[in-house]
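Since the structure comes first, as structure tokens, the remarks are kept for the end.
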Amino acid sequence: MVEDKVVVITGAGAGIGRAFALSFAAHGAKVVVNDLARESADNRPVAQQVADEIRAAGGEAVASVESVADPVSAARIIDTALERFGRIDCVVNNAGIVRDRYFFNMSVEEWKAVIDVHLNGTFYVSRAAAQQFKKQESGCYINMTSTSGLIGNPGQANYNAAKMGIVGLSKTIALDMAKFKVRSNCIAPWAWTGMIASIPTETPEGLARVEKFKKMRPELIAPLAVYLASDSAAAVTGQIFGVRANEIYLFNQIRVIRSTHRGEGWTPETIAAHAIPALESHFADNRPSPTFTSWDPI
């Protein structure tokens with residue numbers, strides 16, 4: 001479905017990104033494998049290892065070790081695609097890190113590090129590709145969000161804020177780029193990866209959650225990404241999908257769900273007496289994301 005398309009995948013050296021790179025290549029795409037990380041044993045870039053793996057299987061790939069968190073470096077990722085393959089058809093913004101801590105203990109450095117990679121990185125890489133997409137009048141963005149942002153998780157203020165910010169960015173890209181026939185969608189993945197494995201699990205509930213995650217392999221996310229990059233998805237834009245093992249979700253988006261009016265205007269007292277009682281039955285539950293998918297992965 002993506003034969004000869006040129007796809008840039010950030011954070012593609014391991015986990016979900018690696019699974020994406022291998023799957024896109026297997027479906028005929030030419031892949032720019034971007035990742036900063038190096039293999040500790042021999043100090044080789046993991047991006048190069050994945051690119052070599054793709055080429056050994058008969059595919060086409062090139063490695064990029066640029067940082068998404070710097071706008072100049074991020075632009076070089078897109079330049080790699082154009083210099084090597086002459087065009088670009090899809091950007092998968094997958095690069096990410098975690099620095100988990102309760103927000104009242106979170107350092108400024110921990111906040112900035114996560115925002116820079118996830119949210120700023122998504123913007124920098126996406127913007128770098130935008131001029132080429134406009135010129136071609138084609139292209140697509142696949143942006144990785146998370147239920148941590150969509151619903152919420154404790155101890156991840158930086159990550160949650162970044163992932164919800166990506167949803168807003170993706171929606172605006174979909175609106176701004178529609179006239180150029182460029183689309184933008186989000187995927188919220190459930191998968192066992194090194195990033196997830198680094199999250200502390202100190203309670204029996206946390207350990208049980210980890211065991212569930214281990215059933216959700218990164219390669220199960222890839223088919224949706226490949227589809228969204230294909231011409232078959234030409235009419236799909238501005239959406240938020242989720243993949244959990246063999247389930248595919250479509251998330252709702254924020255809309256007005258109830259309204260209350262008072263002709264003479266409101267006071268704090270009348271809000272307490274009338275507005276809140278009229279609205280509170282529709283309040284969202286203040287619960288973390290795992291409680292909304294309590295069934296075992298299917």
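Note: hydrogens, waters and symmetry copies are ignored here, and every other heavy atom, side chains too, is used.
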**Request:** With the side chain counted from C-beta on, respond yes when Q253 and K171 share a heavy-atom pair under 4.5 Å apart, and no when they do not.
**Result:** yes
**E280 side, atom CD; R258 side, atom CZ - distance, nearest 0.5 Å** = 10.5 Å
**Item:** F103 atom CZ: more than 12 heavy-atom contacts under 6.0 Å
**Value:** no
**Prompt:** Can you name the nearest heavy-atom pair linking V32 to I77, along with the distance?
**Reply:** CG1-O, 4.3 Å
**Message:** Using the rule that Ile, Leu, Val, Met, Phe, Trp and Tyr join whenever any side-chain heavy atoms are under 4.5 Å apart, tell me whether V243 and L250 fall into a single cluster.
**Reply:** yes
**Request:** Before accepting this row, confirm whether a basic side-chain N of the pair K5/D231 lies closer than 4.0 Å to the acidic partner's carboxylate O.
**Result:** yes
**Item:** Minimum side-chain heavy-atom gap M164-L150 below 4.5 Å
**Value:** yes
**Item:** Minimal non-hydrogen separation, C140 against L228, with atom names
**Value:** SG-O, 3.7 Å
**Message:** Quick one: does any side-chain atom of S184 pair with a main-chain N or O of S170 as donor and acceptor, under 3.5 Å?
**Reply:** yes
**Donor-acceptor pair, side chain of R183 and main chain of A233, under 3.5 angstrom** = yes
**Request:** Specify the closest pair of heavy atoms between G11 and D35, including all atoms of both residues, with the distance to one decimal.
**Result:** C-OD2, 3.3 Å
**Asked** Which other residues belong to the hydrophobic cluster containing I271, where Ile, Leu, Val, Met, Phe, Trp and Tyr are joined when side-chain heavy atoms lie under 4.5 Å apart, directly or via other members?
**Response** W266, I276, L279, F283
**Message:** Given 3.5 Å as the limit, does a donor-acceptor pair link the side chain of N94 with the main chain of A12, or not?
**Reply:** no
**Message:** When you measure from the side chain of R244 to the backbone of T293, do you find a donor-acceptor pair of N or O atoms at a distance under 3.5 Å?
**Reply:** yes
**Message:** When you measure from the side chain of D89 to the backbone of V6, do you find a donor-acceptor pair of N or O atoms at a distance under 3.5 Å?
**Reply:** yes
**Asked** Is it true that D52 and R55 have a side-chain N and a carboxylate O under 4.0 angstrom from each other?
**Response** yes
**Message:** Using the rule that Ile, Leu, Val, Met, Phe, Trp and Tyr join whenever any side-chain heavy atoms are under 4.5 Å apart, tell me whether L22 and V92 fall into a single cluster.
**Reply:** yes
**Prompt:** Are side-chain heavy atoms of E53 and R18 found at a separation under 4.5 Å?
**Reply:** yes
**Message:** Whether the side chain of R38 engages the backbone of N43 through a donor-acceptor N/O pair (distance < 3.5 Å, no angle test) should be reported.
**Reply:** yes
**Asked** For P288, does its backbone N or O pair with a side-chain atom of T291 as donor and acceptor, under 3.5 Å?
**Response** yes
**Item:** S64 side-chain N/O to V33 backbone N/O, donor-acceptor pair under 3.5 Å
**Value:** no
**Request:** Take I221 and I187 through the side-chain contact (heavy atoms from CB on, under 4.5 Å) test and state the conclusion after the steps.
**Result:** CA-CA 9 Å; I221 317 296; I187 297 177; 4.1 Å; yes
**Close side-chain approach of F133 to I88, heavy-atom, < 4.5 Å** = yes
**Asked** Could you go step by step and tell me if V8 and T80 meet the side-chain contact (heavy atoms from CB on, under 4.5 Å) rule?
**Response** CA-CA 9 Å; V8 168; T80 298; over 6 Å; no
**Prompt:** Backbone N or O of G139 within a donor-acceptor pair of the Q132 side chain at under 3.5 Å?
**Reply:** no
**Prompt:** Does H282 NE2 have over 12 foreign heavy atoms under 6.0 Å away?
**Reply:** yes
**Complete:** Here the gap from Q48 atom CD to E39 atom CD, rounded to the nearest 0.5 Å, amounts to 13.5 Å
**Prompt:** Would you say the side chain of P71 lies within less than 4.5 Å of the side chain of R127, judging by non-hydrogen atoms?
**Reply:** yes
**Asked** Looking at A229 and C90, what are the two nearest heavy atoms and their distance?
**Response** CB-SG, 3.8 Å
**Prompt:** Atom CG in D4, atom CZ in F85: separation rounded to 0.5 Å?
**Reply:** 10.5 Å
**Side chain to side chain, M144 and N93, heavy atoms closer than 4.5 Å** = no
**Message:** If you count heavy atoms of other groups shown closer than 6.0 angstrom to CD1 of I254, is the number above 12?
**Reply:** no
**Prompt:** How many angstroms lie between atom CG of N160 and atom CD1 of I151, to the nearest 0.5 angstrom?
**Reply:** 10.5 Å
**Message:** In the structure I gave you, are the side-chain heavy atoms of N143 and L169 within less than 4.5 Å of one another anywhere?
**Reply:** no
**In one Ile/Leu/Val/Met/Phe/Trp/Tyr side-chain cluster, 4.5 Å: F241, F24** = yes
**Request:** Begin from the C-alpha positions of V31 and F20 and carry the test side-chain contact (heavy atoms from CB on, under 4.5 Å) through to its verdict.
**Result:** CA-CA 10 Å; V31 183; F20 281 4; over 6 Å; no
**Message:** Quick one, Y141 and T122 - any side-chain contact, counting heavy atoms below 4.5 Å?
**Reply:** no
**Message:** Please give me the minimum heavy-atom distance between I54 and A25, naming the atom from each residue.
**Reply:** CG2-CB, 3.4 Å
**Audit row: S289, N153, side chain to side chain donor-acceptor pair (under 3.5 Å) steps and yes/no** = CA-CA 6 Å; S289 64; N153 259 346; 3.2 Å; yes
**Asked** To the nearest 0.5 Å, what is the distance between CD (Q156) and OG (S148)?
**Response** 4.0 Å
**Asked** When the ring planes of F104 and Y102 are compared, do they come out parallel, tilted or perpendicular, using 30° and 60° as the limits?
**Response** parallel
**Item:** N185 (side chain) donor-acceptor with G238 (main chain) under 3.5 angstrom
**Value:** yes
**Item:** Shared hydrophobic cluster, Y159 / I97 (ILVMFWY, side-chain heavy atoms < 4.5 Å)
**Value:** yes
**Closest non-hydrogen atom pair, I9 against G17** = CG2-O, 3.9 Å
**Asked** Should the ring pair Y249 and W190 be called parallel, tilted or perpendicular, given that the plane angle runs from 0 to 90° and is split at 30 and 60?
**Response** perpendicular
**Request:** State the CZ-CG distance between R76 and D70, to the nearest 0.5 angstrom.
**Result:** 7.0 Å
**Message:** Determine whether V98 and V114 satisfy the following criterion, side-chain contact (heavy atoms from CB on, under 4.5 Å), listing intermediate values before the conclusion.
**Reply:** CA-CA 6 Å; V98 288; V114 171; 5.6 Å; no
**Message:** Check for me, please, whether F123 and L36 land in the same ILVMFWY cluster - side-chain distances under 4.5 Å, paths through other members count.
**Reply:** no
**Prompt:** Quick one: side-chain hydrogen bond (donor to acceptor under 3.5 Å, both in side chains) partners of S23, sequence neighbours excluded?
**Reply:** none
